[in-house]
Amino acid sequence: MVATATYTESARRLQAGSLKKLRLGADMADKDGGPGEGQGTMPTLAELQHWTGVIGQAQQMMMEQMAETMATLPEEMRLPQPPSPLFADPAKLADQQSELIKAGLGLFGQMLEGNPGAQAARDRRFKADQWRASPIFAVIADAYVMLCDAWLKGVDAIEGLEPRQREQLRFAVKSAADALSPSNFPLTNPLVLERIIETRGENLLRGIEHMMADMGRGQLTHSNPEAFEVGRNIAATPGKVVHETPLYQLIQYDPVGESVLRTPLLIFPPWINRFYILDLNPKNSFIRWAVEQGLTVFVVSWKSADETMVDVTMDDYVVRGQVDAIDVVRDLLGVEKVHTIGYCVAGTALAMTLAYLAATGKAGSVASATFFTAQVDFSEAGDLKLFVDDEQLALIDSLTQGSGVLDGRYMAATFNLLRGRDLIWHYVVQNYLLGEDYPAFDLLHWNGDTTNLPAKWHRAYLQDLYRDNRLVQPGSVSVDGVPIDLRRIATPAYIQAGREDHIAPMRSVWKLMDHLSGPKRFVLAGSGHIAGVVNPPAARKYQYWTCNEIAPSLDAFEQAAKETPGSWWPDWQDWIRTLDPVEVPVEGARLPGQGARPAIEDAPGRYVRTR
């Protein structure tokens, strides 16, 4: 993240320089009867010359800033010194220049045809009609899109880079380009200018209020913070907390029928976020839906880290978290085994739990394991790997000195950076520039409800798994002193991935198929890390792909897979029932608080409310 901070500072300087250049250009154009005149008509030759110059200046400035940025990066992230120029092949440089000239001529052709803005209209930032109502804004948007494409192609053409360095540079350039979008600045966004006129500037005052509130919170706001209350209109499925430790609370949900499946379901959500991503509202709650399908559902609600958890490690989340919860549910209901679900990092931990149980002779306590967008092999873990290096680890140490706890807002900012266009700049425009009121959106409310993490666990997770990929090395990782080997996991597994997942890419999730030894079913869902999971059947959204035969690779799976419209949840339910279709009456411990463990409090409990 030190590197990220460097890139951010560079982006800030780029923005400042861009505005200065544009102001100078605008002053020159005003003297020549420039862009401000004749709005809504075809630009004059002087205007075309002006904006062509601005485009050239922007390109030159970007290349200069990239060179300056690379010179100030930490030593391990600098570009290697190649024995020849970056563009050693003159043909490559010529091709780059030729493509840029062709693109520029294409823009000019669109101007002459009276169709400026057509290229940018494919980008949702520039879809509004206002971008094409004036040729000047249309040219600005088209030129920006053209330059972004040229910058990224320029990165691909640079020679002498290691693959990781190229990906880091691509990410930095893309992030800087997103920040420099004309939609992010009042004077180059026609919607903002229109709103300023409509409200006589009141939108900017509201935007400043929003910005100052966010600065006070130390976090970008995505939704109306007053719209939701945990336990009232979010995380409101009825149930009881039936077990509590310093690490987690165990929630058992009220059944809705007279009988339930004999084997209960125990869900492990990620402790990086709150568990209620699976219980947002009655219409899209996976927890409520699973209860309605006749499952006895338990969910672990992890405690947000505080000063009492500074020494918590992955061993604790596995043994004193997941293994403990499995034993509690088995003992409470008097059953031999449980179905389990692990989401994201909790899915990684679930794989470690299964390997630990296999190594200790207790594999029979788990009937099945479902992995929601989980990874065990981090060799192709996506853009998050760009944030894992010695500089990042050192930054985590500096951020947590004295407390031993990593503020959840740090992780929120990291995830937002992965999709900066959608999760940062979109809200800068909506909340700060347009002065829009925050929407009442449960998913965005959850996204901003951060949890703190034990710094010791987080550092080891990044170092041992993301950086060194030790989990797939047999015996390299130990849990409570027991070496584990993923190849010993024979538990039936249902592996779900999201086609558009940017946090756990589908190619990375697929690798579970290579490391587990038991029966496996792989399901590829439409959409990403959240919407690909939280997709109830009633919504009739997206689709999923399945293949009844085990494919040797993800590519082979995609070629042979059958596409089915809608939610994959019913497919999972069918799979669960085939493992154990036996039902039992709803009585005794099947009713929360009526068994050997009395109810501690109503769901969703205290831990989900702690900050």
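Atom set for the values below is all heavy atoms of this structure, side chains included, hydrogens, waters and symmetry mates excluded. Here the structure is a predicted model, which is why all the values come from computation and not from measurement.
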Quiz: residues 229-236 side-chain donor-acceptor pairs under 3.5 angstrom, not counting sequence neighbours:
| residue | atom | partner | partner atom | Å |
| --- | --- | --- | --- | --- |
| Glu229 | OE1 | Arg232 | NE | 3.0 |
| Asn233 | OD1 | Glu229 | N | 2.9 |
| Asn233 | ND2 | Ala227 | O | 3.0 |

Going by atom types alone, do [X] and [Y] pair a side-chain donor with an acceptor below 3.5 Å?
X: Asp442; Y: Tyr276; result: no
X: Thr451; Y: Trp302; result: no
X: Tyr144; Y: Asp123; result: no

Non-hydrogen side-chain atoms of [X] and [Y] separated by less than 4.5 Å:
X: Tyr427; Y: Leu444; answer: yes
X: Asp178; Y: Arg125; answer: yes
X: Asp464; Y: Val477; answer: no

### Message
I'd like to check the ring-ring contact (aromatic ring centres under 6.0 Å, His included) partners of His458; sequence neighbours left out, ordered by chain and number.
### Response
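Once residues adjacent in sequence are excluded, His458 has no partner under the ring-ring contact (aromatic ring centres under 6.0 Å, His included) criterion.
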### Query
Has Arg124 got more than 12 heavy atoms of other residues, nucleotides or ligands less than 6.0 Å from its CZ?
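12 or below, so no.
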### Query
Within a radius of less than 6.0 Å around NZ of Lys283, do more than 12 heavy atoms belonging to other residues, nucleotides or ligands occur?
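No, NZ of Lys283 has 12 or fewer neighbouring heavy atoms, counting only those of other groups under 6.0 Å.
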Is [X] salt-bridged to [Y], cutoff N-O under 4.0 Å?
X: Asp555; Y: Arg507; value: yes
X: Glu583; Y: Arg577; value: yes
X: Asp468; Y: Arg470; value: no
X: Asp571; Y: Arg521; value: yes

### Query
What class does the angle between the rings of His210 and Tyr438 fall in, given that below 30° is parallel, 30 to 60° is tilted and above 60° is perpendicular?
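Because their plane-to-plane angle lies in the 30° to 60° range, the rings of His210 and Tyr438 count as tilted.
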### Query
Where do Ala381 and Ser508 come nearest, in terms of heavy atoms and distance?
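Taking Ala381 first and Ser508 second, the nearest heavy atoms are CA-OG, 3.9 Å.
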### Query
Quick one: side chain to side chain donor-acceptor pair (under 3.5 Å) partners of Ser567, sequence neighbours excluded?
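Side chain to side chain donor-acceptor pair (under 3.5 Å) list for Ser567, sorted by chain: empty.
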### Query
Would you say Ser304's side chain and Asn452's backbone share a donor-acceptor pair under 3.5 angstrom?
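Confirmed, Ser304 side chain pairs with Asn452 backbone.
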### Polar side-chain atom of Arg274 near backbone of Pro270 as donor-acceptor pair, under 3.5 Å
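Judged by distance alone, no pair lies under 3.5 Å.
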### Message
Under 6.0 Å between ring centres: does that hold for Phe286 and Phe372?
### Response
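Close enough - the centres of the two rings lie under 6.0 Å apart.
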### Task
Any chance you could lay out the side chain to side chain contact (heavy atoms under 4.5 Å, CB included) test for Leu443 and Asn447, step after step, and finish with the verdict?
CA-CA 6 Å; Leu443 178 58; Asn447 189 60; 5.8 Å; no
### Task
Test side chain to side chain contact (heavy atoms under 4.5 Å, CB included) on Leu220 and His222 and set out the steps.
CA-CA 7 Å; Leu220 186 67; His222 292 132; 3.7 Å; yes
### Query
Sequence neighbours excluded, which residues qualify as salt bridge (Lys or Arg N to Asp or Glu O under 4.0 Å) partners of Lys511?
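With neighbours one apart ignored, the set is Glu380.
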### With Asp377 via salt bridge (Lys or Arg N to Asp or Glu O under 4.0 Å) - residues at least two apart
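Result, salt bridge (Lys or Arg N to Asp or Glu O under 4.0 Å) vs Asp377: none returned.
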Taking only distance into account, with no hydrogens and no angle test, what donor-acceptor pairs under 3.5 Å do side-chain atoms of residues 535-550 form with protein atoms, sequence neighbours excluded?
| residue | atom | partner | partner atom | Å |
| --- | --- | --- | --- | --- |
| Asn535 | ND2 | Lys541 | O | 3.1 |

### Message
Assess the residue pair Asp279 and Ser285 against the criterion (side-chain hydrogen bond (donor to acceptor under 3.5 Å, both in side chains)); give the C-alpha distance rounded to whole Å, side-chain angles, the decisive distance to 0.1 Å, and a yes or no.
### Response
CA-CA 4 Å; Asp279 191 26; Ser285 169; 2.7 Å; yes
